[in-house]
Amino acid sequence: MPWDRNQMAERAAQELEDGMYVNLGIGIPTLVANYTGDKDITLQSENGMLGMGPFPVEGDEDADVINAGKQTITELNRTAYFDSATSFGMIRGGKIAAAILGAMEVSENGDLANWMIPGKLVKGMGGAMDLVAGVGRVIVITDHNSKSGAAKLLKECTLPLTGKAVVDRIITNLGVFDVVEGGLRIVELAPDVTEAELREKTEATLVA
Amino acid sequence: MPWDRNQMAERAAQELEDGMYVNLGIGIPTLVANYTGDKDITLQSENGMLGMGPFPVEGDEDADVINAGKQTITELNRTAYFDSATSFGMIRGGKIAAAILGAMEVSENGDLANWMIPGKLVKGMGGAMDLVAGVGRVIVITDHNSKSGAAKLLKECTLPLTGKAVVDRIITNLGVFDVVEGGLRIVELAPDVTEAELREKTEATLVA
Amino acid sequence: MASKIYDSASAALDGLLTDGMTLAAGGFGLCGIPENLIAAIRDAGTKDLTVYSNNAGVDDFGLGVLLQTRQVKKMCSSYVGENDEFMRQYLAGELEIEFNPQGTLAERMRAGGCGIPGFYTKTGVGTQVAEGKEHKDFDGETYILERGIVADLAIVKAWKADETGNCIFRKTARNFNPPAAMCGKICVMEVEEIVPNGTLDGDHIHLPGIYVHRLIQGQHEKRIEQRTTRKKEA
Amino acid sequence: MASKIYDSASAALDGLLTDGMTLAAGGFGLCGIPENLIAAIRDAGTKDLTVYSNNAGVDDFGLGVLLQTRQVKKMCSSYVGENDEFMRQYLAGELEIEFNPQGTLAERMRAGGCGIPGFYTKTGVGTQVAEGKEHKDFDGETYILERGIVADLAIVKAWKADETGNCIFRKTARNFNPPAAMCGKICVMEVEEIVPNGTLDGDHIHLPGIYVHRLIQGQHEKRIEQRTTRKKEA
């Protein structure tokens, strides 16, 4: 049985260690914060905040306290604010231990595409290119296949890249994969997912 | 009668306009602050302070409030503090309108030497190279001649440079000079100083 | 000192606006944007603007206002979602866009303001962003050269400023405002409150007054883009 | 989170010191220097240090202490006056010095900490400082390439820090401390006071805790280098 969104987030939370500074992307990555348990994880928001708290209770929203997805959030008792140049200095300088991001496509050598579909979707890369270039470890969470069933783990990406050879680990609804010499190594399969099924749904080279 | 130290500083203060942000070097330039009269000049200290006040009264010295000469000073009611990278960002970025600095030698094309005598004096350039490269207008205050009587306004500097073609105006005990095409233009002479005397004591080309 | 304080956004911009100029704007999404100055530029009708700003606002607020009036020729941004008019103009070829990675844009602004005409970064290597840019290896890794930005005018928003323009920002409304302010040849700042000199602690100031040439106290809607809440715990 | 707080400077440096390492130190003159960490490095006897620091202290205080014990192989500084022992070792060829313009040194530290391996500056063009460096023209002006600094260890001093290492500096004691902290692979911070989380306002923090790996509360002499005063007005 493939993992659902929350199970993927829960699995991703296992990647984080106590004391880590982490940046979570928009979408499923945001859910990872719900599963860190006892681990003390400090979340960085690239719009200028270290130590991101949960959503506010109704009535406590503050227009001046938002995350990188422009959602209202709250601060903690150890939150620090800073400007965007400093924020990305932190990111580019390798001070953030890990980023967990979504993907449109990932290639078997760790290329990531998640910012643009030429002629259709022109939103921009935001901070994703900086994150994949700068943070210590890049973890991708994505459905294994697109809604139409197409493979998202490819030999080569077809969409414009966010970064070249930047992904360390991929968590999909079917399993966990590491980018290694020669392709993607299967680290773990979701319950009842078989290697045969996986191979069928994956274009990238899978290595043991 | 040549100007004394205080008169040179007083003359230099005439270069400053109301509302200017200015950096004053160590030595005679520091005295300029005593002669700004009604003009509201904001002094930048490159160790991280904008809005430098006078020396403290005895007993009020604070080890955490010093100027670039490491002297104890005070703050004003509009002082801002910042780190050294920000401070020199301001300087390099041309935000400071003028710097008034001392000199060992100045050449007729505006080269300045004021940081090193090879084999003898090895103190370093501090912030002087950044200041001459970055600020809007560089004004030098210096005795016209060395203690031994040697010219300090030269055709070419003999000492290692602080900056090349960076000086705009020179104020000495004998007069005021602008760096122009072809040499130094006499802007003003100190009382009773003759042009003949000046020419004798100057190696640099003097132009009308 | 001649006062930096002006009565209105229009007064503060008087003499500073010319068609075809470059503009740097602070803000992230709709957070910490110079609402009053944007409205005054709309009213002034300045055309063919090239705007350096992380985002382009939404259709009817933020920089989106200047897109609706067709005053913008080119945007240099990292993210322009949330704006249908932008998308329409872009896909119709009526608007140029130069995408910059968010951190590259922020650093380009700071660099320009700090007298740094170019710097190297790993961000974007191997992507479209690197095309046409100088590549250089340092210690075995490849980087690309990015240029400092110096804009004709910076429009920014802070929380409070004293009379000399020393200012402080509030929480995540700081974002691009300090680097945008730094990179303007002239910087006009709008704040929620102008306070007397002596009110702000010199150690709390985020942007010293030297970066601020003109100052207004404005009215701020501070619109929230994505209102997200959780249930109150019992 | 595993605590960043250590009992002593020696404990905080345990396992971090190796002969021949590079060190970045905060402070300007004797103002805002990491007194306790310098003393602990002296006691540890680590040799052949390359030290990035704006100044070299005085003969018996600040980094001058490590010069007296001959633990420093090379200094990278902008100004080393006020230190006779430095001058003696340098003129005798026992100590290397690389002079950096003050702003270039500060920016090199910030750049190294921000993942920028190189940047261009006008500072030093046409001087000894430019010799052997790449020159490049931007918009008709010549600039030189300066490199970002990444030091094995940064030792810095702040006024107060909370338990996660968020810290604030006091007045001009801030100086090189933030850029030095940023450029260290590891940063050890000494403060006058460690305060509980929640004590510091998030908008007042000068250096977020992410830059601080280990933290101690120290005893600080805070020696004044040039005590200058004026007469009290009657």
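The figures that follow rest on heavy atoms only: side chains count, while hydrogens, waters and symmetry mates do not. Every chain is numbered from 1 and lettered A, B, ... according to where its sequence line falls, protein lines coming before strand lines.
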### Lys/Arg-Asp/Glu bridge criterion (N-O < 4.0 Å) met for C:Lys73, C:Glu96
no

Looking only at atom types and distance, does a side-chain atom of [X] sit under 3.5 Å from a main-chain N or O of [Y], one as donor and one as acceptor?
{"X": "C:Glu98", "Y": "C:Cys76", "value": "no"}
{"X": "C:Arg214", "Y": "C:Lys4", "value": "no"}
{"X": "D:Asn54", "Y": "D:Phe28", "value": "no"}
{"X": "D:Asn55", "Y": "D:Gly29", "value": "yes"}
{"X": "D:Glu134", "Y": "D:Leu145", "value": "no"}

### Message
Quick check: under 4.5 Å, non-hydrogen atoms only, which of residues 217-231 of chain D neighbour chain C?
### Response
none

#### Entry: Residues in residues 169-194 of chain D near chain C [non-hydrogen atoms, under 4.5 Å]
D:Phe169, D:Arg170, D:Lys171, D:Arg174

### Query
Is any residue of residues 111-121 of chain C within less than 4.5 Å of chain D by heavy atoms, and which ones?
C:Gly115, C:Ile116, C:Pro117, C:Gly118, C:Phe119, C:Tyr120

### Query
What part of C:Glu107 is in contact with chain D, defined as an atom under 4.5 angstrom from a non-hydrogen atom: side chain, backbone, both or neither?
side chain

### Task
Determine, stepwise, if the pair C:His204 / D:Asp203 fulfils side-chain contact (heavy atoms from CB on, under 4.5 Å).
CA-CA 8 Å; C:His204 295 170; D:Asp203 276 332; over 6 Å; no

### Query
Is there a side-chain contact between C:Asp152 and C:Leu23 (heavy atoms, below 4.5 Å)?
no

### Query
Taking C-beta and beyond as the side chain, do C:Ile97 and C:Lys74 meet within less than 4.5 Å on heavy atoms?
no

## Note on the structure
Applying a strict 4.5 Å limit to non-hydrogen atoms, the region of D:Ile168 in contact with chain C is neither

### Message
Does either side chain, that of D:Asn100 or that of D:Ser78, offer a donor lying less than 3.5 Å from an acceptor on the other one?
### Response
no

### Task
Name all residues meeting the ring pair (Phe, Tyr, Trp, His ring centres under 6.0 Å) criterion together with C:His135; count only those two or more places apart in sequence or in a different chain, and write none if there are none.
none

### Task
Give the intermediate values and the outcome of salt bridge (Lys or Arg N to Asp or Glu O under 4.0 Å) for residues D:Glu146 and D:Lys133.
CA-CA 8 Å; D:Glu146 294 281 1; D:Lys133 290 177 183 159; 3.1 Å; yes

### Task
Go through the steps for C:Lys136 and C:Glu141 under the test salt bridge (Lys or Arg N to Asp or Glu O under 4.0 Å), then give the verdict.
CA-CA 8 Å; C:Lys136 196 180 184 78; C:Glu141 281 222 66; over 6 Å; no

### Query
Can you tell me if NZ on C:Lys47 sees more than 12 non-hydrogen neighbours from other groups inside 6.0 Å?
no

